[in-house]
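A short worksheet on the structure shown next.
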Amino acid sequence: MNINITLPDKSVRKYSKELTGYDLASDIGRSIAKEAVCMEINGQLTDLNTLIKDDSKCRIFTSNDQISLEVLRHSSAHILAQAVLNLFPNTKYGVGPSIEDGFYYDFLFENNIKEEDLLKIEKEMHKIAQEKQNFTKEYLPEDEALMIFSNQQFKEELINTADKDEGVNAGEVSIYKNGKFLDLCRGPHIPNTGYLRHFKLTKLAGAYWRGIETNPQLQRIYGTSWFSKEELNKYLTRQKEAEKRDHRKLGRELKLFTSADELGPGQYLWQPNGSILRNQIEEFSKSAHKNNGYEFVNTPHIGRSILWETSGHLDHYKEGMYPALTTEDTNDKYYLKPMNCPFHILVYKNDIRSYRDLPIRYFELGSVYRMEKTGVLHGLLRARGFTQDDAHIFTTIDNLNDEILNLLTFSIKLLNCFGFTDIEADLSTRPKDYIGEDKDWEKATNSLEEALNQQKISYKIAQGEGAFYGPKIDLHIKDAIGRRWQLTTIQIDFAQPNNFSLDYVNSDNKKVRPVMIHRALLGSIERFTGILIEHYAGHLPGWLAPTQINILTIGNVDEHLQKIVKKLNKYRFSIDNRNIRLGEKIHDSKKMKIPITLIIGENDRNNNTVAINYASGEETKDINLEEGIKSINKVLKKPTFKL
RNA sequence: GCCGGAGUAGCUCAGUGGCCAGAGCAGCCGACUUGUAAUCGGCAGGUCAGGGGUUCGACUCCCCUCUCCGGCUCCA
């Protein structure tokens with residue numbers, strides 16, 4: 001017998017008998033054997049103890065490989081379930097995958113557990129880890145597996161519905177065993193439980209079985225695990241950093257916005273500082289639209305029920321709308337608007353339109369109200385009342401390509417101006433339930449895809465994720481700490497032009513239906529502001545900061561101060577001339593995250609100089625006044641939007 | 001909406017059935033006249049989220065409601 005094993009570096013090793021991945025790793029070198037976690041045979045990921053029986057291409061994965069981390073976390077989930085069953089024997093266990101930065105497992109406990117139980121479970125996991133139980137894989141016939149799991153309803157369901165991801169395949173079921181613990185699983189796993197050392201159970205949450213709202217709700221335990229203590233600590237610090245960026249906390253500290261119980265959940269009040277920021281964003285957006293072919297419209301906040309019947313909102317989204325308002329003098333019902341489109345459509349319908357008029361682009365910073373479920377509300381990022389940078393474009397289908405490409409460029413450049421440069425897209429295609437003609441869908445989807453290709457923006461296709469009325473592009477940005485946020489949405493709509501019988505007169509003097517594009521680029525101004533705050537951790541770019549310059553005086557510098565103020569009065573500045581120590585003034589200035597702290601004392605008065613502290617931490621002293629102003633102008637420069 | 005956690009001064013938080021509920025910061029008053037991350041002293045600030053109950057006695061224990069936080073589902 002002769003087995004040739006080809007390694008990733010193309011070298012070939014010859015063996016005279018079957019061997020495991022661990023044997024192979026040990027033969028390659030002691031350190032790789034020590035670090036080995038799992039392996040790949042002919043492209044198939046598998047356990048380290050799998051026997052290599054034939055000539056094959058093999059690759060050993062060590063704790064340095066990303067894939068090993070996923071394996072570790074998946075095994076962590078198994079050990080979590082094992083610990084839970086040891087402590088709470090009557091628990092029913094569901095599924096437990098690895099996820100980004102960690103893992104979870106879903107359980108149905110006899111009595112719901114509490115957060116403090118996590119410590120106990122963690123302890124039990126450590127105990128299991130110390131026992132270094134081997135993970136072994138077995139294949140069982142389906143009926144035998146059903147017997148083993150006969151009092152585990154979720155496992156039975158998994159076997160019966162043949163979910164391949166959980167190790168069920170064509171009458172045969174793969175299970176993993178470590179110690180006395182058994183679980184349905186495709187694997188692979190770490191060689192033994194001793195590989196689990198640096199982990200932490202992080203939170204307890206509710207989760208519906210298989211993610212379906214009508215299914216029973218299980219308790220989900222989240223955890224994180226790593227190969228080294230350093231990585232675990234790094235992760236935990238990263239979590240703390242993310243907490244520091246929380247826009248709700250920063251919003252309070254920087255006096256940007258607030259809420260009040262009297263308003264009801266999901267509604268926010270913008271304080272003066274926040275309003276400056278918000279107005280800057282809105283003005284920037286408005287001027288970009290004004291200079292690029294949009295006409296501005298303004299529309300009310302409520303409309304009669306007939307409007308929402310025609311638009312289909314009452315049929316499809318009634319539960320997402322605030323309840324109707326009624327008046328005493330008539331039987332009319334009015335609804336707060338959850339979208340602006342029906343109003344823009346009414347503006348369009350107010351006149352006969354010619355193909356020469358198209359495309360018509362109506363823009364509005366439109367405030368909408370949506371009855372979001374209480375549990376999903378999340379500061380400005382998910383509010384009930386918010387304002388969209390909304391526009392509706394009415395176009396001929398022939399112009400669709402140009403419009404979409406133009407929009408994509410517009411949005412990317414706009415996002416760039418706010419410092420978001422890492423942008424990706426989702427192209428959502430026709431869902432199962434849809435309206436309209438197949439050929440229109442095809443044309444619209446092609447327009448979207450073509451625009452994405454021309455923009456050279458990386459995108460993935462979200463099959464069947466489009467709205468029922470048309471396909472869409474969503475743009476996601478990546479923030480400073482790597483989180484992705486969806487901002488822009490560009491949606492093609494075949495339905496509303498039909499619902500409202502929209503038309504225009506074409507060159508043959510015939511009435512033809514236009515296509516509509518719904519688009520919000522920043523999305524919701526509230527949400528966008530929240531994301532900006534988190535992205536910059538409150539250190540807003542100079543042009544957006546509520547107070548751009550804080551001038552700190554030391555001693556009697558009135559004349560010098562007046563001279564400087566004259567030169568800076570186009571900026572939003574404040575003057576701190578309190579008779580307190582400079583250190584305290586600087587402390588206050590930093591606390592409010594003001595981009596420029598200008599310090600002037602008597603020395604500066606005498607020498608016509610200034611000292612500048614920048615938000616970046618950079619500090620300069622004894623700078624000539626003119627030079628200082630130049631530097632300030634640079635930091636506070638507003639970006640220019642150009643298509 | 002569901003599961004779990006929480007709600008004490010403007011903010012951050014102490015206070016586990018027993019006198020009039022505390023601290024730091026912020027605020028106000030006074031002193032200090034200050035050159036790179038919090039000067040000192042004083043004053044004021046509370047229906048302990050709201051309502052009901054248990055108890056001689058409740059911030060503390062129980063029930064209901066509201067709000068917030070972490071998730072799940074949802075996001076036109």
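Quick caveat: nothing in here was measured; it's all calculated off a predicted structure. Labels below follow one simple rule: chain letters A, B, ... track the order of the sequence lines, proteins then strands, and each chain is numbered from 1.
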> Going by heavy atoms in the side chains, are A:Ile221 and A:Glu115 under 4.5 Å from each other?
Replying inline: no
Which side-chain N or O atoms in residues 256-269 of chain A pair as donor and acceptor under 3.5 Å with protein atoms at least two apart or in another chain?
{"unit_1": "A:Gln267", "atom_1": "NE2", "unit_2": "A:Tyr322", "atom_2": "OH", "d": "3.0"}

>> Counting only heavy atoms and a strict 4.0 angstrom limit, can you tell me which residues of residues 604-614 of chain A come near RNA chain B?
In response: A:Asp604, A:Ala611, A:Asn613
> In residues 482-500 of chain A, which residues come under 4.0 Å of RNA chain B by heavy atom?
Replying inline: A:Gln491
>> Can you confirm if the aromatic rings of A:Tyr348 and A:His392 lie within a centre distance of less than 6.0 Å?
In response: no
Provide a list of protein-nucleic acid N or O atom pairs under 3.5 angstrom, restricted to nucleotides 4-14 of chain B.
{"unit_1": "B:G4", "atom_1": "OP1", "unit_2": "A:Asn112", "atom_2": "ND2", "d": "3.0"}
{"unit_1": "B:U12", "atom_1": "OP1", "unit_2": "A:Arg252", "atom_2": "NH2", "d": "3.0"}

> Quick one: does A:Leu108's side chain get under 4.5 Å of A:Phe154's, heavy atoms only?
Replying inline: yes
> Run the side-chain contact (heavy atoms from CB on, under 4.5 Å) check on A:Arg210 and A:Thr161 step by step: do they pass?
Replying inline: CA-CA 12 Å; A:Arg210 293 191 146 181; A:Thr161 53; 2.9 Å; yes
> Using the benzene-type ring in the case of Trp, are the ring centres of A:His313 and A:Tyr335 under 6.0 Å apart?
Replying inline: no
>> Counting the atoms with a prime plus P, OP1 and OP2 as sugar-phosphate, which does A:Tyr469 contact under 4.0 Å by heavy atoms, base, sugar-phosphate, or nothing?
In response: sugar-phosphate
>> At less than 4.0 Å, is any side-chain N or O atom of A:Tyr222 found next to OP1 or OP2 of B:C72? Yes or no.
In response: yes
> Given A:Tyr469 and A:Phe494, is the ring-ring contact (aromatic ring centres under 6.0 Å, His included) satisfied, shown in steps?
Replying inline: CA-CA 6 Å; A:Tyr469 50 72; A:Phe494 304 116; 9.0 Å; no
> Can we call the ring centroids of A:Phe107 and A:Tyr93 under 6.0 Å apart?
Replying inline: no
Anything under 3.5 Å between a protein N or O and an N or O of nucleotides 41-51 of chain B, put it in a table, one pair a line.
none

> Does A:His74 have its ring centroid less than 6.0 Å away from the ring centroid of A:Phe103?
Replying inline: no
Strictly under 3.5 Å: I want the nitrogen or oxygen pairs between protein and nucleotides 30-33 of chain B, one per line.
{"unit_1": "B:U33", "atom_1": "O2", "unit_2": "A:Asn579", "atom_2": "OD1", "d": "2.4"}
{"unit_1": "B:U33", "atom_1": "O2", "unit_2": "A:Asn579", "atom_2": "ND2", "d": "3.0"}
{"unit_1": "B:U33", "atom_1": "N3", "unit_2": "A:Asn579", "atom_2": "ND2", "d": "2.6"}

> Hey, does A:Leu87 have a side-chain heavy atom less than 4.5 Å from the side chain of A:Ile121?
Replying inline: yes
> Among B:U73, B:U36, B:C69, which nucleotide sits nearest the side chain of A:Arg248?
Replying inline: B:C69
> Where the side chain of A:Met339 is defined as all heavy atoms beyond and including C-beta, which of B:C74, B:U36, B:A76 is the nearest nucleotide?
Replying inline: B:A76
> Do A:Lys563 and A:Asn608 get their side chains close enough for a donor-acceptor pair, meaning under 3.5 Å?
Replying inline: yes
>> Could you walk me through whether A:Trp226 and A:Phe199 satisfy the ring-ring contact (aromatic ring centres under 6.0 Å, His included) test, starting with their C-alpha distance in whole Å, then the side-chain angles of each, then the deciding distance to 0.1 Å, before giving a yes or no?
In response: CA-CA 6 Å; A:Trp226 303 83; A:Phe199 72 98; over 10 Å; no
> So does A:Arg382 reach the base of B:C75 with its side chain, donor to acceptor, closer than 3.5 Å?
Replying inline: yes
>> Would you say CZ of A:Arg484 has more than 12 non-hydrogen atoms from neighbouring residues, nucleotides or ligands within 6.0 angstrom?
In response: yes
